[in-house]
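The following block contains the structure, expressed as structure tokens.
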Amino acid sequence: SSGINAEYGGTKYVQVNADGLVSNKVAVSYKTCVITGVSAPPTNGGTITITGQDLYGPLSSIIINLYSDDDRRRQITPCENVTMIVPHSKLTCFAPPGEGSGLTVQIQMDSVTSNPATMAYQPPSVLGVTEAPAKGGLITVYGQNFGNNPDKIVVTMVPSD
């Protein structure tokens with residue numbers, strides 16, 4: 001058993017030197033980082049926490065990509081300001097404004113790419129509503145996480161539970 005330096009991805013080689021006699025080289029692969037969880041940011045953008053395993057590498061080499069579709073062809077934007085919170089298992093970054101669910105998150109460290117993980121922005125939350133006129137008319141709904149596209153917002157009256 002022998003310790004090796006912390007690294008990420010790719011293949012390295014092990015060779016043993018026993019009193020001047022040198023063995024053959026054998027390939028050793030480092031584990032690829034695995035995302036196990038992603039927190040939900042507010043729709044106006046904010047910090048997300050990514051948990052996982054083998055999240056290792058110089059911060060300058062870690063790129064966190066957010067995609068709006070499962071086949072990862074439409075990138076929203078990279079998640080900015082990557083910070084390692086717990087070495088190898090928890091990091092944070094700043095997600096851009098957005099809305100919806102079913103978004104894909106992946107970590108890229110040089111040529112190594114993690115598994116795709118699913119992320120959703122926080123759901124809408126109604127904090128208050130103005131009184132409705134008896135004859136009908138407009139009301140104002142106050143809250144947060146309504147999203148950034150007014151064309152996607154639908155307000156409906158529903159019966160009480």
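What you are looking at is a predicted structure, and each value in this text was computed from that prediction instead of being measured.
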Query - Distance-only donor-acceptor check, side chains Gln106 and Asn65, under 3.5 Å - result: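 Short answer, no.
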Query raised in the report: Can you tell me how far the CD atom of Gln122 sits from the CD atom of Gln144, to the nearest 0.5 Å?
Result: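 CD of Gln144 is found 7.5 Å from CD of Gln122.
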Report task. Evaluate the side-chain proximity of Cys79 to Ile48: yes if any heavy-atom separation is below 4.5 Å, no if none is. Result ->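 With C-beta onward as the side chain, the pair touches.
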**Report entry** Minimum side-chain heavy-atom gap Asp54-Thr32 below 4.5 Å
**Finding:**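 Heavy-atom side-chain distance check fails, nothing below 4.5 Å.
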Query raised in the report: Rounded to the nearest 0.5 Å, what separation is found between the CG atom of Leu55 and the OG atom of Ser114?
Result: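 Leu55 CG to Ser114 OG: 8.0 Å, rounded to 0.5 Å.
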Requested in this report: Given side chain to side chain contact (heavy atoms under 4.5 Å, CB included), test Val105 with Tyr67 step by step and report yes or no.
Outcome: CA-CA 6 Å; Val105 178; Tyr67 300 94; over 6 Å; no
Query raised in the report: Which heavy atom in Ile35 sits nearest to a heavy atom in Asn115, and how many Å separate them?
Result: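 In terms of heavy atoms, the two residues are closest at N-OD1, 2.6 Å.
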Query raised in the report: Are Lys152 and Glu99 close enough that some pair of their side-chain heavy atoms sits under 4.5 Å apart?
Result: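 Side chain of Lys152 against side chain of Glu99, heavy atoms only: contact under 4.5 Å found.
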Query raised in the report: Taking everything shown except Gln15 itself, do over 12 heavy atoms lie less than 6.0 Å from its CD?
Result: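 Yes, because the 6.0 Å sphere around CD of Gln15 holds more than 12 heavy atoms from other groups.
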Query raised in the report: Hey, quick one: are Val22 and Val14 part of the same hydrophobic cluster, counting side-chain heavy atoms closer than 4.5 Å, chains of contacts allowed?
Result: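 Unlinked, Val22 and Val14 end up in two clusters.
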Query - Nearest-0.5 Å distance, OG1 of residue Thr140 to CG of residue Leu138 - result: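 Going from the OG1 atom of Thr140 to the CG atom of Leu138 covers 7.5 Å.
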Report task. Work out which heavy atom in Thr49 is nearest to a heavy atom in Ser39; give both atom names and the distance. Result ->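 Nearest pair, atom of Thr49 first, then Ser39: N-OG, 2.7 Å.
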Query - Minimum heavy-atom distance Thr104-Pro116, with the two atoms named - result: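 Minimum heavy-atom separation between Thr104 and Pro116: CG2-CB, 3.6 Å.
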**Report entry** ILVMFWY network linking Phe146 to Tyr121, side-chain heavy atoms under 4.5 angstrom
**Finding:**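 No, because Phe146 and Tyr121 fall into different hydrophobic clusters, even though each may have its own neighbours under 4.5 Å.
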Query raised in the report: Got a second to check how far Ile139's CD1 is from Met157's CE, nearest 0.5 Å?
Result: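 Result: 5.5 Å between the selected atoms.
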Query raised in the report: Is there a side-chain contact between Met109 and Cys33, using heavy atoms and a 4.5 Å cut-off?
Result: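 Of all side-chain heavy-atom pairs linking Cys33 with Met109, at least one is under 4.5 Å.
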Query raised in the report: Taking the side chain from Ser101 and the backbone from Ala120, do they hold a donor-acceptor pair closer than 3.5 Å?
Result: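 No: the side chain of Ser101 does not pair with the backbone of Ala120.
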Requested in this report: Give, for atom CG of Leu91 and atom CD1 of Ile107, the distance between the pair rounded to the nearest 0.5 Å.
Outcome: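 The CG atom of Leu91 sits 5.0 Å away from the CD1 atom of Ile107.
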Query raised in the report: Backbone N or O of Thr43 within a donor-acceptor pair of the Asn148 side chain at under 3.5 Å?
Result: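 Yes, Asn148 side chain to Thr43 backbone: donor-acceptor pair under 3.5 Å.
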Query raised in the report: How many angstroms lie between OG1 in Thr51 and CD1 in Ile85, if you round to the nearest 0.5 Å?
Result: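 Spacing of OG1 (Thr51) from CD1 (Ile85) equals 12.0 Å.
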Report task. Please report the closest heavy-atom contact between Met84 and Leu59, naming both atoms and the distance. Result ->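 Closest approach of Met84 to Leu59, heavy atoms only: N-CD2, 3.9 Å.
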Requested in this report: Using a cut-off of 6.0 Å, state whether more than 12 heavy atoms not belonging to Leu127 lie near its atom CG.
Outcome: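 Buried by this count: over 12 neighbours within 6.0 Å.
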